[in-house]
2 protein chains.
Amino acid sequence: MDTDMRVTYAKDCPSRTVVSVLANKWALYILGVLGRNDRPLRFTVLRRHIEGVTQKSLTQALRNLERDGLVRRTVYPTVPPRVEYSLTDLGREAGALTTAIADWSKANATRVLTARAAYDGRADDDTDGARGTEGARHTDGALGTDPR
Amino acid sequence: MDTDMRVTYAKDCPSRTVVSVLANKWALYILGVLGRNDRPLRFTVLRRHIEGVTQKSLTQALRNLERDGLVRRTVYPTVPPRVEYSLTDLGREAGALTTAIADWSKANATRVLTARAAYDGRADDDTDGARGTEGARHTDGALGTDPR
DNA sequence: CAGGATCCTAGATGATACTG
DNA sequence: CAGTATCATCTAGGATCCTG
């Protein structure tokens, strides 16, 4: 009867630190790509797989994942440089989880999008003419502007 | 041999829209809390469970989840108001996945944090005195300032 | 109690240019 | 190729005050 009083996710809980790493679009995609191929991938290849990511964001996300021991970065001192990324054991575990999310997202995208459309429809109704609820809610939504 | 050329996560892939919903700290926690208790929870209770979330962020996250059909919002027209949140079937599915992530995070926090410390240690070495790699990398890290 | 409306800023992201 | 460095931007999120 005290479930109303307990704190499930305490601020200082270490799990929060880890979650905040996984709760990242790019990190999710990286683990996904790396998890699906088990072979190490090069920076550029990785980037091609994750359409729309800038090299900066990708680099940053990779660094964070490397720092947290989820991704291994191997540098071959050749010229031109060759850097390969692969999952560590830890990363493979996490990757299984995030891949599950990506897969579920793909499988259920329609259900979600339908619900969303319905919700927006309702909102339009009782918002009358005042507006304010239109399409621009999320940042990432699938839009048409071409990848560049 | 063309796995190097294929795009795994296309920009217009609907899954990306869904992932961007789940790739959110607060959404993850909400699904987690709601998933663990199967009973509907009130706004304030929910908020207590997720330490550190502001009412704004919580409201926003809940709205998005409701919009996407993952969370059900029930309003009781009493005074004072009573609003309860619970998972839909869709939300329960997603919740299972995100809870898995939260659990894994909790279970492996040490491994991650250890790797992180090691990485930062190395960085400190070859950064010499120049600095720039210290503790402030991530936003969420467990800090000491009290919840308020 | 459960938010809505505002104001404001740190940090995330994008665009661009440069380099070992 | 695989970044690093910079500058401009943008906005999610925090702090506050208000209300049905």
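These values consider heavy atoms only, across backbone and side chains, with no hydrogens, waters or symmetry-generated copies. In this text, all values refer to a predicted model and were calculated from it rather than measured experimentally. Each chain gets a letter, A, B and so on, in the order the sequences are listed, and its residues count up from 1.
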Whole-Å distance, A/Asn64 CG to C/dG11 P, equals 14 Å
Does B/Ser57 make a side-chain N or O approach to OP1 or OP2 of D/dA12 shorter than 4.0 Å? no
Quick one, A/Trp104 and B/Leu90 - any side-chain contact, counting heavy atoms below 4.5 Å? yes
When you measure from the side chain of A/Asn37 to the backbone N and O of A/Val33, does any donor-acceptor pair fall under 3.5 Å? yes
Taking A/Thr99 for its side chain and A/Ala96 for its backbone only, find out whether a donor-acceptor pair lies under 3.5 Å. no
Nearest whole angstrom, please: distance from the C1' of C/dA12 to the CG of A/Leu58. 15 Å
Rounding to 10°, can you tell me the angle the first-five-pair axis of the helix from C/dC1-D/dG20 to C/dG20-D/dC1 makes with its last-five-pair axis? 60°
Establish, with yes or no, whether the OP1 or OP2 oxygen of C/dG3 is under 4.0 angstrom from a side-chain nitrogen or oxygen of B/Arg73. yes
If the condition is salt bridge (charged side-chain N to carboxylate O under 4.0 Å, His left out), which residues does B/Arg72 pass it with, not counting sequence neighbours? none
Spacing of A/Leu41 atom CG relative to D/dG3 atom P, expressed in whole Å: 13 Å
Closest-nucleotide ordering on DNA chain C, the 5'-leading residue of A/Asn24 and A/Pro81: A/Asn24
Please work out if B/Tyr76 contacts a base, only the sugar-phosphate, or nothing of the nucleic acid, heavy-atom cut-off 4.0 Å. nothing
So which of B/Leu41, B/Leu62, B/Thr74 actually passes side-chain contact (heavy atoms from CB on, under 4.5 Å) with B/Tyr85? B/Leu62
Using OP1 and OP2 only, check whether a side-chain N or O of A/Arg63 sits under 4.0 Å from D/dG3. yes
Let me know the distance between NZ of B/Lys25 and P of D/dG14, rounded to the nearest Å. 6 Å
Who pairs with A/Arg92 by salt bridge (charged side-chain N to carboxylate O under 4.0 Å, His left out), at least two apart in sequence or on another chain? A/Asp89
Can you check whether B/Thr54 has a side-chain N or O nearer than 4.0 Å to OP1 or OP2 of D/dG13? no
For C/dC1, does OP1 or OP2 lie under 4.0 Å from any side-chain N or O of B/Thr78? no
Spacing between B/Glu66 atom CD and C/dA2 atom C1', to the nearest angstrom: 13 Å
Starting at atom CG of B/Leu46, determine the distance to atom C1' of C/dC1, rounded to an integer number of angstrom. 14 Å
5'-most by nearest nucleotide on DNA chain C - A/Lys56 or A/Pro80: A/Lys56
Any base atoms under 4.0 Å from B/Arg47, or only sugar-phosphate, or nothing? Heavy atoms, all strands. nothing
Proximity to the side chain of A/Thr59 - top-ranked nucleotide from D/dT4, C/dA2, D/dG13: D/dT4
Could a donor-acceptor pair under 3.5 angstrom be found where the side chain of B/Gln55 meets the base of D/dG14? no
Under the side-chain contact (heavy atoms from CB on, under 4.5 Å) rule, what do A/Tyr119 and B/Arg63 come out as? Steps first, then yes or no, please. CA-CA 10 Å; A/Tyr119 182 96; B/Arg63 286 286 180 286; 3.7 Å; yes
Between D/dG3 atom P and A/Glu84 atom CD, what is the distance in whole Å? 11 Å
N/O (side chain, A/Tyr85) to phosphate O (OP1/OP2, D/dC1) under 4.0 Å: no
CZ of A/Arg48 to CZ of A/Arg42, rounded to nearest 0.5 Å, is 9.5 Å
Output yes when at least one side-chain N/O atom of B/Arg42 is less than 4.0 Å from OP1 or OP2 of C/dA2, else no. yes
